[in-house]
2 protein chains.
Amino acid sequence: MRARAVARVLLLYGVPAGLLIVALRVVEYRFLVVDHAVEIYGAIIAALFAAVGIALGLRLTRSRVVVREVTVEVPVPVAGPFTPNRRELDARGITPRELEILKLIAEGLSTREMAGRLFVSENTVKTHCSRLFDKLGANRRTKAVQVAKTLGLIA
Amino acid sequence: MRARAVARVLLLYGVPAGLLIVALRVVEYRFLVVDHAVEIYGAIIAALFAAVGIALGLRLTRSRVVVREVTVEVPVPVAGPFTPNRRELDARGITPRELEILKLIAEGLSTREMAGRLFVSENTVKTHCSRLFDKLGANRRTKAVQVAKTLGLIA
DNA sequence: GCCAGAATCACCCGAACGGATGACGACGGG
DNA sequence: CCCGTCGTCATCCGTTCGGGTGATTCTGGC
């Protein structure tokens with residue numbers, strides 16, 4: 001529904017925009033380079049290329065639509081005790097303590113809160129965070145959480 | 001609301017189109033100044049147009065694919081197409097734009113990245129964030145994400 | 001036609017965070 | 001016994017974030 005509407009609007013405004021580009025170019029050429037008629041042909045050819053491109057894209061995708069139907073079955077969030085994907089875990093050298101920190105980050109705790117809950121100093125928490133960010137390729141907590149979830153490190 | 005969406009799409013595709021025009025003009029200028037290699041020029045333009053056309057086609061089809069996915073995904077047991085729990089949403093007065101920001105936060109984007117993706121200033125993003133935190137009873141991004149997930153506002 | 005809500009942008013300030021670096025004790029395998 | 005890893009703590013510095021306030025524009029509804 002929504003995607004459909006977007007597509008319609010795209011057509012309604014994208015195509016005229018393209019035509020506008022061509023039109024502008026034609027006019028410009030008329031006024032600026034009268035004797036370079038070849039370039040006008042260039043523009044026309046360009047328009048043709050654009051049309052071909054669009055047609056090509058549409059045709060390619062149209063056939064692909066049918067194929068897509070099978071691939072969607074992947075998401076199977078069945079209940080059960082979560083297991084933290086050990087492979088990724090020691091592939092990245094993430095220690096148990098760091099995983100613990102990671103969980104707390106995902107719970108939305110601040111550095112201070114984590115320090116309080118784990119009975120360690122805030123500096124320690126920060127150190128764990130830094131090393132965690134390194135190993136996850138993140139540079140922010142929210143990013144770390146997102147990465148960790150896609151890697152299956154946390155629930 | 002609807003007009004707003006139209007306007008946004010217009011912006012999203014109109015502005016790049018405008019940039020394209022400028023880019024073309026710049027290229028043209030360069031080539032005209034250096035020498036009149038019209039054929040090369042034309043070829044480049046043709047390639048650009050073809051690329052744009054293909055991109056456009058892909059874009060159109062991508063949205064088409066999404067529609068397909070939704071219909072297919074229905075028979076899947078637990079995970080259907082995610083719907084943002086409208087009750088909580090307007091119980092808390094969360095606007096569409098704010099929900100959009102919320103999603104980006106959950107993706108781990110920084111203020112700057114969000115601003116770039118939404119074509120607004122960082123200040124605007126920050127404002128949305130603040131109001132969002134109010135409505136979610138959070139005072140941190142990570143917390144906001146956690147709350148939003150438990151409320152079923154985001155996937 | 002005016003008002004309320006939504007979205008946009010700006011500025012300021014203090015707190016939190018991220019990055020870099022260094023250090024120290026404990027523990028375990030070679 | 002020595003070395004590497006892990007967990008702990010610290011300091012410094014720059015950036016980001018969160019909170020507060022105010023202002024403008026646009027749109028829809030009364």
Side-chain angles (χ1 to χ4, degrees), chain A residues 84 86 89-148 153, chain B residues 1-12 14-15 84 86 89-148 153:
Chain A
R86 199 170 304 266
L89 222 47
D90 45 330
R92 294 168 181 266
I94 294 174
T95 71
R97 196 56 157 173
E98 285 165 356
L99 181 60
E100 206 166 352
I101 292 283
L102 182 54
K103 290 175 189 168
L104 296 184
I105 290 180
E107 284 182 33
L109 300 192
S110 69
T111 300
R112 186 161 302 171
E113 290 166 338
M114 285 189 271
R117 186 176 298 198
L118 297 181
F119 303 107
V120 296
S121 82
E122 301 181 23
N123 289 309
T124 303
V125 173
K126 285 181 59 177
T127 302
H128 286 312
C129 283
S130 287
R131 288 210 261 262
L132 210 40
F133 295 156
D134 275 350
K135 296 173 182 176
L136 289 178
N139 52 347
R140 273 181 300 283
R141 297 183 170 213
T142 46
K143 185 72 180 173
V145 171
Q146 191 261 344
V147 170
L153 302 183
Chain B
M1 188 63 112
R2 180 159 172 67
R4 202 166 231 326
V6 170
R8 176 150 62 238
V9 177
L10 238 176
L11 262 181
L12 276 174
V15 168
R86 199 171 304 265
L89 222 48
D90 47 329
R92 295 168 180 265
I94 294 175
T95 71
R97 196 56 159 173
E98 286 164 355
L99 180 60
E100 206 166 355
I101 293 281
L102 181 56
K103 291 175 188 168
L104 296 185
I105 289 179
E107 285 184 31
L109 300 193
S110 70
T111 301
R112 186 160 305 169
E113 290 166 336
M114 286 188 271
R117 186 177 297 196
L118 298 180
F119 304 107
V120 297
S121 82
E122 300 180 24
N123 290 309
T124 302
V125 173
K126 285 183 58 178
T127 303
H128 286 311
C129 282
S130 287
R131 289 209 262 264
L132 208 40
F133 294 154
D134 276 350
K135 296 173 181 177
L136 289 178
N139 52 349
R140 272 182 300 284
R141 298 183 170 211
T142 46
K143 186 72 180 171
V145 170
Q146 192 261 343
V147 170
L153 301 183

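Quick note on labels: first sequence line is chain A, next is B, and so on, each numbered from 1.
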Margin query: Between C1' on dA6(C) and CG on Leu118(B), what's the gap in Å once rounded to a whole number?
Written below: 15 Å
Margin query: What is the separation between atom CE on Met114(A) and atom P on dC9(D), rounded to the nearest whole Å?
Written below: 14 Å
Margin query: Please enumerate all residues that pass side-chain hydrogen bond (donor to acceptor under 3.5 Å, both in side chains) together with Thr111(A), with sequence neighbours excluded.
Written below: Arg141(A)
Notebook entry, point to check: Given dA10(D), is OP1 or OP2 found less than 4.0 Å from the side-chain N or O atoms of Asn123(A)?
Noted result: yes
Check: What bend angle does the helix from dG1(C)-dC30(D) to dG30(C)-dC1(D) show across its length, from five-pair end axes and to the nearest 10 degrees?
Finding: 40°
Checklist line | Residues in side-chain hydrogen bond (donor to acceptor under 3.5 Å, both in side chains) contact with Thr127(B), at least two apart in sequence or another chain | finding: none
Item checked: Sidechain N-carboxylate O distance under 4.0 Å for Glu100(A), Arg97(A) -> yes
Notebook entry, point to check: Phosphate oxygens OP1/OP2 of dG7(D): is one of them under 4.0 Å from a side-chain N or O of His128(A)?
Noted result: no
Next item on the list: Quick one, give me the B/S/- string for nucleotides 14-30 of chain C, reading 5' to 3', where B means a protein heavy atom under 4.0 Å from the base and S means that only happens at the primed atoms, P, OP1 or OP2.
Entry: --SSBB-----------
Next item on the list: Return the set of residues passing side-chain hydrogen bond (donor to acceptor under 3.5 Å, both in side chains) with Ser130(B) (not counting sequence neighbours), or none when no residue passes.
Entry: none
Note to self: Can you list everything that forms a salt bridge (Lys or Arg N to Asp or Glu O under 4.0 Å) with Lys143(A)? Sequence neighbours excluded, please.
What the structure shows: none
Next item on the list: Find the distance Ile105(B):CD1 to dT16(D):P and express it as a whole number of Å.
Entry: 16 Å
Notebook entry, point to check: So which of residues 90-101 of chain A are in contact with DNA chain D, with a heavy-atom cut-off of under 4.0 Å?
Noted result: Thr95(A), Pro96(A), Arg97(A)
Check: Can you name the residues that form a salt bridge (Lys or Arg N to Asp or Glu O under 4.0 Å) with Lys135(B), not counting sequence neighbours?
Finding: Glu98(B)
Notebook entry, point to check: Of all residues at least two apart in sequence or in a different chain, which pass the side-chain hydrogen bond (donor to acceptor under 3.5 Å, both in side chains) check with Arg131(B)?
Noted result: none
Margin query: Tell me which pairs pass salt bridge (Lys or Arg N to Asp or Glu O under 4.0 Å) where either residue lies in residues 116-130 of chain A, with sequence neighbours left out.
Written below: Glu107(A)-Arg117(A), Arg112(A)-Glu122(A)
Notebook entry, point to check: Within less than 4.0 Å of OP1 or OP2 of dA10(C), is there a side-chain N or O belonging to Thr124(B)?
Noted result: no
